[in-house]
Protein chains: 2
Amino acid sequence: MNISKAEVSSPANGSLTRQRRTYSIGELARMFEVTPRTIRFYEQEGLLAPERRGQTRIYHEKDRVRLKLTLRGKRLGFSLAEIREVIEMYDAMPDGNARQLKRLLEILADKRSNMERQLEDIRLMQRELDDVEMRAREVLERLDQS
Amino acid sequence: MNISKAEVSSPANGSLTRQRRTYSIGELARMFEVTPRTIRFYEQEGLLAPERRGQTRIYHEKDRVRLKLTLRGKRLGFSLAEIREVIEMYDAMPDGNARQLKRLLEILADKRSNMERQLEDIRLMQRELDDVEMRAREVLERLDQS
DNA sequence: CAACCACTTTACGTTAACGTCAACGTCGTC
DNA sequence: GACGACGTTGACGTTAACGTAAAGTGGTTG
């Protein structure tokens, strides 16, 4: 129950609305239920780029959001490489050339169709589960009766 | 464009509605856009159990459905082990004991909540994509104007 | 000051899901 | 009867996504 020193690590904060909260790798790891190792690995793969205070990594809101998006992407079956590609293009957007931007739109369309398919898969799978569950309950009832 | 010999492999079929079609490993592979190696691997992992005519494998409708379900499960991020678990329990259902059946229901509920979460993830991800796409289009327009 | 965290790097290990290659059998056909 | 297409087993290779262990650093706490 010790108060994190990270809380104090911000210099004279004038704004009230501005959240200048930072996180240690351990905090972030607990928040998202991953290991620090995972977070370092994502950095190594170019998905995160936290600030450094000496040796130790310091994560800001931006990093937290990225991690959240990364994990969400993973749950949807995207590879880290795919996720990185999108993140990189997103970051380079303002001064990205037309070719890059069009490539980005392509990728997005691709992800979109991917997700449409997943939606359909989920619908179908839910029906299967309904079916299996029904049968299972039937069998269970018969077992209870006898 | 040669007619598959598999077509002839069924003995005097009286029923009209009954589809007694069988498939070779290659046919199945092309149908689902996987390699034969993948299909053999799934068999080795207990997900398929095709008939054998001598050395060669012969796949029936049942096998085709299983493969379809397996691939769908994969697209949803389930491991082959998880998929096998469900398939095995499903097959053993009629004479499965109450404990097994309840375990099955647990697994199903688990998959269900998994998919609920995926639905939410997809919704969120779609919004992200909308957002990114909008920005990208804006930047593109500005590039076109200048 | 010693002990104890939390954090760091380096490096090797592991697992799932196949790919790839070799070496062979079996058709139909030219 | 050689050839090509397809099938088989077996074994080893590969990739992604981390796990794990070793060895060191830096701060605070009793």
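Contacts between residues 29-40 of chain A and DNA chain D, defined by a heavy-atom separation below 4.0 Å, involve A:Thr35, A:Arg37, A:Thr38, listed by number. A heavy atom lying under 4.0 Å from DNA chain C marks none of the residues of residues 75-84 of chain A.
When hydrophobic side chains of Ile, Leu, Val, Met, Phe, Trp and Tyr are connected at separations under 4.5 Å, B:Leu124 ends up as a singleton with no cluster partners. Hydrophobic cluster of A:Met134: no remaining members, since no ILVMFWY side chain lies below 4.5 Å from it. By the 4.5 Å side-chain criterion applied to Ile, Leu, Val, Met, Phe, Trp and Tyr, B:Leu69 is assigned to a cluster that also includes B:Val65.
Rounded to whole angstrom, the span from the OH atom of A:Tyr59 across to the P atom of C:dA6 amounts to 16 Å. Atom CD of B:Glu43 is separated from atom C1' of C:dA17 by 16 Å (rounded to the nearest Å). In this structure, B:Phe41 atom CZ and D:dC12 atom C1' are separated by 14 Å, rounded to whole Å. The separation between B:Gln44 atom CD and D:dT8 atom P is 13 Å, rounded to whole Å. Between A:Leu67 atom CG and D:dC18 atom P there is a gap of 11 Å when expressed in whole angstrom units. Whole-Å rounding puts the B:Ile58 CD1 to C:dT26 C1' distance at 14 Å. Per the geometry, CG belonging to B:Leu28 stands 10 Å off P belonging to D:dG7, to the nearest Å.
Salt bridge annotation for A:Asp91-A:Arg84: absent, with no cationic side-chain nitrogen under 4.0 angstrom from a carboxylate oxygen. Ion pairing between a basic and an acidic side chain is recognised when a charged N comes within 4.0 Å of a carboxylate O; A:Arg21 and A:Glu27 show such pairing.
In terms of phosphate contacts, B:Tyr42 brings a side-chain nitrogen or oxygen within less than 4.0 Å of OP1 or OP2 of C:dC18. Proximity of A:Lys74 to the phosphate of D:dA16: no side-chain N or O atom is located under 4.0 Å from OP1 or OP2. Considering only side-chain N and O atoms, B:Ser24 lies under 4.0 angstrom from the phosphate OP1 or OP2 of D:dG7. In this structure, B:Arg57 does not reach the D:dG7 phosphate: none of its side-chain N or O atoms is under 4.0 Å from OP1 or OP2.
Closest to the side chain of B:Arg52, from the set D:dT9, D:dC18, C:dT8, is D:dT9.
Positionally, the nearest nucleotide of DNA chain D for A:Glu45 lies more toward the 5' end than for the other of A:Glu45 and A:Gln55.
For residues 28-37 of chain B, the side-chain hydrogen bond (donor to acceptor under 3.5 Å, both in side chains) pairs, not counting sequence neighbours, are B:Thr35-B:Thr38. Residue pairs meeting the side-chain hydrogen bond (donor to acceptor under 3.5 Å, both in side chains) criterion with at least one member in residues 98-110 of chain B, sequence neighbours excluded, are B:Glu85-B:Arg103.
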Output side-chain donor-acceptor pairs under 3.5 Å for residues 137-144 of chain B, partner residues at least two apart or in another chain, one line each.
unit_1, atom_1, unit_2, atom_2, d
B:Arg137, NE, B:Glu133, OE2, 3.3
B:Arg137, NH2, B:Glu133, OE2, 2.9

Table please: side-chain donor-acceptor pairs of residues 41-51 of chain A below 3.5 Å, with sequence neighbours left out.
unit_1, atom_1, unit_2, atom_2, d
A:Glu43, OE1, A:Arg57, NE, 2.6
A:Glu51, OE1, A:His60, NE2, 3.0

